[in-house]
Amino acid sequence: MTAEALETLEGVGPKLAERLQGLGIHSVPDLLFHLPLRYEDRTRLQPIGGLLPGLPAQVEGEVEHASVVRGRRPMLVVSLADGTGRITLRFFHFRGHQARQLGKGTRLRCYGEVRPGFRGLEMVHPHYARILPGQEPPLADRLTPVYPSTEGLGQQTWLRLSEQALARLDDGALALDELLPGRMLENLRLPSLPAALRLIHRPPPGENVAALLARDHPAQHRLAMEELLAHNLSMRLLRQRQRARDAIPLAPAADLEQALRDALPFELTGAQARVLEEIGSDLAATHPMLRLVHGDVGSGKTVVAALAALRAVGNGVQVAVVAPTEILAEQHLRTFSEWLGPLGVEPVWLTSKVKGKARTAALEAIAGGAGVVVGTHALMQEGVAFDRLGLVIVDEQHRFGVGQRMALMGKGDDGHVRPHQLIMTATPIPRTLAMTAYAGLEVSVIDELPKGRKPVTTAVISADRREAVVARVAEACTGGRQAYWVCTLIEESEAVEAQAAQEVADELAARLGGLRIGLVHGRLKPAEKQGVMDAFKAGDLDLLVATTVIEVGVDVPNASLMIIENAERLGLSQLHQLRGRVGRGSARSSCVLLYSSPIGEMAKQRLEIMRETQDGFRIAEKDLELRGPGEVLGTRQTGLVQFRVADLARDAHLLDRIPPVAEDLIANHPGQVRRLVRRWIGDSARFAGV
Ligand code: ADP
Ligand code: MG
């Protein structure tokens, strides 16, 4: 074994090695490229009286009282004071002994995000340590890195592993090749690769903390360049491979397509028709299509997908329709069934949650040549054998991580013949993003909304006036309208989010006695979720309390009022997506963005943009300007991140330099290209055949 093998690290046995491999980490150098997601500043204590909501903080104080509040689910509530103020700590998951350890007078040091609660500020599930008398632990002397992880792999493990990997780097035991061309590095005066890695994993005391936290440190720039180049290269390679393959050419299926058009209750918009033409000419070719369709929320991408699917079916090949969430996939199942069913094409349903006999039946149908298969990305994973897959449609692809996206695009690369691919997204793509994340893809834009869409009036209102908003919901619903109440929590577990939504639903139910209120969140079983959605769609519910699971694709035209709580916590694109759920029917629609005071200047400005415009493209550009592209791309921290260091807004000036270098590398140093892509994109690149 070489110094690069994971098993040579202390504490890494076959089990941990296997888990790491599952995350795409196969060697000690791979560990070094598993970079901190963020840093926690535990170098100082903040007075509780001076805390601001929305920001993380470390505080120390004494427990005033701790009690388990019994509700639908018990919750541990602790009041902590330090002489300057008090804060509430809330735990939805806790053990009995935990509650007993927190008696009055216990000293605690806590780290967590401060948020506004019903009574003053609170922290939900802070990290905390008890401090025994006379044993005050020292404060950290440097920023604490926080690594992206998955369930069961704690931060302590990551710290231990990265510590050892860094030691080997220092000993010169690892050969970390410089893969960036000298020309590129020449003028930039950036640190060497080992120095950059060391600094990012363990920022020394006194380092420019603000720059690091803002991801605007030269060491981060150094790696960002490489990462951006790797992404650009990966897309080019994918495209190149795609072009070199054969595909089954799909001729117009005039009868089927016309039959659907005739059955639709609307005419296609000019933009939909044009995009269909563009797709049609790609599909008729003998090389696989790789086309991205971008259309704002509500622009009608689904019918475009359905018509493309019909064409495929008319040519005797199979279509896979893939959505990022169960709820959206279910919605597609129903739409496709409603539209294609009468034409004799009944879609087959398959997600990872389909088990047992139903799964066997679905797999048999797929292997037997069923025309249209709808599901989540589980559909594209191993073990699902198609008879003759001719077209893959990926919806709302921005919700997929890079890894999943690459894997999806690489699917079906087992023979020389590959399926055509249609990728749909509602996230407007600023030019900079397109150059990097989608280099080499053909792009179609649906730049027109269906006729008769009513603008959604948006109001930005302080949570101090929540009472009035509740009254407004009551009034609207009593008048026959339907409404959404969206609860937002970010960077929290689904369980905490579900719990918070449950509380809001209970509270609203208590206050709005006459209304029929439903609740959806990510913790419900698919059938339960579907039951609630169906009831809402059928008009059997007046008010739907939901987490952001309803963000994408949900289509209930009669819903014309949406309340979004703590709107300041969400990215603008996400707010735009959410708001796109209303304004779909004939009624005038409105959206209320509730924010918790006090709110920062930038947060205020962002919400103002939502009030001013409904143009997704403008919103995305503004968002990019104000916050950086991680949010624009919809980076939700679901295990693995999209870009590890790159920030397209900050690094925009680098982007123009990347395409020529990428072309040069592909032409002259193909070996280097593969290593770069593997270093940054890892397993999914392998899976995609890059
Ligand atoms: P998105 O692009 O956000 O996926 P959908 O495909 O869900 O949008 O379409 C939104 C709504 O608009 C659906 O109810 C759909 O049936 C309807 N729709 C689509 N195209 C048209 C059109 N040309 N005219 C009127 N309504 C349309
Ligand atoms: Mg859609």
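Read the numbers this way: they start at 1 and go in the same order the structure lists the ligands and their atoms. Quick caveat, the model's predicted, so the values are computed rather than measured. Residue numbers run from 1 in the order of the sequence given.
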Show which atoms of ligand 1 fall inside a sub-4.0 Å distance from at least one heavy-atom site of V297.
-> 3 (O)
Side chain to side chain contact (heavy atoms under 4.5 Å, CB included) between V293 and I423, intermediate numbers included | CA-CA 6 Å; V293 171; I423 300 153; over 6 Å; no
So CG of L593 and CG of N566: to nearest 0.5 Å the spacing works out to 11.5 Å
Given K529, which of H521, R523, E326 fulfils the side chain to side chain contact (heavy atoms under 4.5 Å, CB included) condition?
-> E326
Should the pair R334-D534 be classified as a salt bridge under the 4.0 Å nitrogen-to-oxygen rule?
-> yes
Using a cut-off of 6.0 Å, state whether more than 12 heavy atoms not belonging to E277 lie near its atom CD.
-> no
Would you mind running through ligand 1 and noting each atom that sits below 4.0 Å from a heavy atom of E267?
-> 22 (C), 23 (N), 24 (N)
D296 neighbourhood, listing ligand 1 atoms whose heavy-atom distance to it stays under 4.0 Å | 2 (O)
Decide whether the shortest distance between a heavy atom of G298 and an atom of ligand 1 is less than 4.0 Å.
-> yes
Atoms of ligand 1 less than 4.0 Å from T269 heavy atoms?
-> 23 (N)
Nearest heavy atom to atom 7 (O) of ligand 1, choosing from V556, L268, T302, V303, belongs to T302
Which segment of K451 sits under 4.0 Å of ligand 1 when only heavy atoms are counted | neither
Using the side chain to side chain donor-acceptor pair (under 3.5 Å) rule, take H576 and D296 through it: C-alpha gap first, then chi angles, then the decisive distance, then the call.
-> CA-CA 9 Å; H576 179 61; D296 207 346; 2.6 Å; yes
